[in-house]
Amino acid sequence: GCIAWEISDVRKKIEKSIDDKQAYIDSPPFFTSNNGQKVYVRLYLDGNRDRKYVAAYLHMDIPEQSPFKGTVRFTLIDQIKRSPCDNIAK
């Protein structure tokens, strides 16, 4: 599955996360494939409290007996340049 998640007002959302008003934002749910697992991304714009990085977590709606065996890839796109950002961890 794939999701293109455009986040508006990023600067305001970063300020809210630093002020502890909203620690994270969630993506709309999506599926890993046509018959796949339902997942969503939880994004901490303050790096989950370290305020140096952005932290992204993939949340899955699966039983513990059914481990996920797929590949997960995040790509951060610069909304001004419309191109992938340099120097991001994968």
Quiz prompt | Which residues share a side-chain contact (heavy atoms from CB on, under 4.5 Å) with Phe31, sequence neighbours left out | solution = Lys38

Self-check item: Residue list, side-chain contact (heavy atoms from CB on, under 4.5 Å) with Lys12, at least two apart or on another chain
Solution: Asp9

Practice problem: Tell me, please, which residues at least two apart from Tyr24 pass ring-ring contact (aromatic ring centres under 6.0 Å, His included). | Solution: Tyr44

Quiz item: Side chains of Leu43 and Ser27: does their closest heavy-atom pair fall under 4.5 Å?
Solution: no

Quiz item: Does a side-chain heavy-atom distance below 4.5 Å link Val54 with Ile14?
Solution: no

Exercise. Please assess Lys13 against Ile25 for the test side chain to side chain contact (heavy atoms under 4.5 Å, CB included), listing each intermediate value before the final yes or no.
Key: CA-CA 9 Å; Lys13 287 181 171 85; Ile25 54 177; 4.1 Å; yes

Quiz prompt | Separation between CG of Leu58 and CD of Gln37, rounded to the nearest 0.5 Å | solution = 11.0 Å

Exercise. Could you give me the CA-CA distance, side-chain angles and deciding distance for Val39 and Thr32, then say whether side chain to side chain contact (heavy atoms under 4.5 Å, CB included) is met?
Key: CA-CA 7 Å; Val39 298; Thr32 57; 3.9 Å; yes

Quiz item: Any link between Trp5 and Tyr40 through a network of hydrophobic side chains (Ile, Leu, Val, Met, Phe, Trp, Tyr) touching at under 4.5 Å?
Solution: no

